[in-house]
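See structure below.
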There are 2 protein chains.
Amino acid sequence: MRADAQRNRERILDAAEEVFARCGASASTEEVARLAGVAIGTVFRHFPTKDDLLAAILKRLLARLAEDAATLGGADGLHVFFRRLVGQAAAKRTVVDLAGVSVPAAVSRLDEAVGELLDQAQAAGTVRGDVRRPEVMALLVSLCQGALHGGWDVELQERTLAVVFAGLAA
Amino acid sequence: MRADAQRNRERILDAAEEVFARCGASASTEEVARLAGVAIGTVFRHFPTKDDLLAAILKRLLARLAEDAATLGGADGLHVFFRRLVGQAAAKRTVVDLAGVSVPAAVSRLDEAVGELLDQAQAAGTVRGDVRRPEVMALLVSLCQGALHGGWDVELQERTLAVVFAGLAA
DNA sequence: TTGGAAAATGAGTCTCGACTCATTATCGTA
DNA sequence: TACGATAATGAGTCGAGACTCATTTTCCAA
């Protein structure tokens, strides 16, 4: 790949991440091109359809989240991760919006990272033993959706998470 | 209002409820008109914009939910309501989709009904005393969103709700 | 029964956004 | 440097869906 093409590809991904984070997946490709400083045709050369572009940034975001999760651990790693993710949900609409576009590999990596955090929390006794990964992911996703659509303030978020944490511990 | 106008208004509302439940708020007004058996112009005569139509059915749905909640009560009324609502979330996309369209009065009636259920559950000791209405609503909304976008099966739903119920009780 | 107001009709307008492609510009190699 | 391959450009096409309005139909009160 030529150097200019490589450079533009990066610019487009960065721009797309910002635009979709701000306006959700319904933002126009035109807007992405404008922010990236390239013509609309260039965006479509790199990503033949809008879905391809969405999939690409979703993949990046999920990979970043998995990485982030991997740096956490110990008794309350899972709790920290929950709090962090839910707190960002409103700002990063993208992850939350994208029920349609799926990136199996990236999702499963995140899934594993969360499983790891869960194992550690259970070993430390912060989370009871019969809780399994699927419901933890379900709760995480639900809370992110809820936070995004509900516009929670910090206190409500904390109170809501407190209930869930109590449920995981009880 | 003339009799035929009244009749068509009802037909349109019923059709809209079904169409938006099936396809979400992005379904076209044309589709609603077709199912209602009226011309597109008739829909716009009754509801000048698509948002007006969405607001109208949202109002009906919320009123129905509030009514439904009012018939429940006792120690596990809140729990039954949660299970019922989350179970329907995937089928009734409409309520869940509609972050944008708001119908304050209808929402606050639902809010009150849930508050009533919460009071009774707390009186019965099924839910601990320091839990408040806002986080209960937040959890309810989150779980509906999660169930819709995640496509949960019955077991996952039950396991997820079990964690939340434990958190409310603990 | 009938006159006119209210309502319904549906082809047409308008906007918006995804996507195309002929043309022009840029890169990297020989 | 020169040249062909690769990439960028952006005006234009296309389809979809919200909304309009001149015309026709239906209702109902006198």
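Throughout, protein chains are lettered first and strands after them, A, B, ... in sequence-line order, and every chain is numbered starting at 1. Every heavy atom of this structure was used, including side-chain atoms; hydrogens, water molecules and symmetry mates were not.
Summarising the geometry, the separation between CZ on B:Arg9 and P on C:dA8 is reported as 11 Å, rounded to the nearest angstrom. To the nearest angstrom, P of D:dT20 lies 16 Å from CZ of B:Phe47. Taking atom CZ of A:Arg34 as the reference point, atom P of C:dA18 lies 12 Å away to the nearest angstrom. In this structure, CZ of A:Arg7 is placed 12 Å from C1' of D:dA8, rounded to the nearest angstrom. Between B:Gln6 atom CD and D:dC27 atom C1' there is a gap of 14 Å when expressed in whole angstrom units. A straight line from NE2 of B:His46 to P of D:dT20 spans 15 Å, rounded to a whole angstrom.
Criterion: ILVMFWY side-chain heavy atoms under 4.5 Å apart, direct or through other members. Under it, A:Phe44 and A:Ile57 are not part of a common hydrophobic cluster.
Residue-level contact check: B:Ala36 touches neither bases nor backbone, having no heavy atom under 4.0 Å from any strand. Contacts of B:Thr29 with the nucleic acid, taken as non-hydrogen atoms under 4.0 Å apart, involve only primed sugar atoms and P, OP1 or OP2. Residue B:Ser28 is in sugar-phosphate contact alone, with no base atom involved, counting any heavy-atom pair closer than 4.0 Å across all strands shown.
Looking only at side-chain heavy atoms (C-beta outward), A:Leu13 and A:Phe47 come within less than 4.5 Å of each other.
In terms of polar N and O atoms assigned as donor or acceptor, the side chain of B:Arg2 comes within less than 3.5 Å of the base of C:dA6 in a complementary pairing.
Nearest nucleotide to the B:Ala5 side chain, out of D:dA18, C:dA8, D:dG10: C:dA8. Among the nucleotides D:dC27, C:dT9, D:dA8, the one closest to the side chain of B:Asp4 is D:dC27. Distance from the side chain of A:Ala3 is smallest for C:dG28 among the nucleotides D:dA7, C:dT9, C:dG28. The listed nucleotides are C:dG10, D:dG10, D:dC27; the one nearest the side chain of A:Ile40 is D:dG10. Counting only heavy atoms from C-beta on, A:Phe44 has its side chain closest to C:dA18 among D:dC27, C:dA18, C:dT9.
Annotation: of the two residues near DNA chain C, B:Arg45 and A:Lys50, the 5′-most nearest-nucleotide partner is B:Arg45. Mapping A:Thr42 and A:Glu30 onto DNA chain D by nearest heavy atom places A:Thr42 at the nucleotide closer to the 5' end.
To the nearest 0.5 Å, atom OG1 of residue B:Thr29 and atom CZ of residue B:Arg34 are 11.0 Å apart.
Between B:Asn8 and C:dA7, a side-chain N or O to OP1/OP2 separation shorter than 4.0 Å is absent.
Salt-bridge annotation for B:Arg60 and B:Asp14: present, with a side-chain N of the basic residue lying under 4.0 Å from a carboxylate O of the acidic one.
A:Lys50 contributes no side-chain N or O that, together with a main-chain N or O of A:Ser28, makes up a donor-acceptor pair within less than 3.5 Å.
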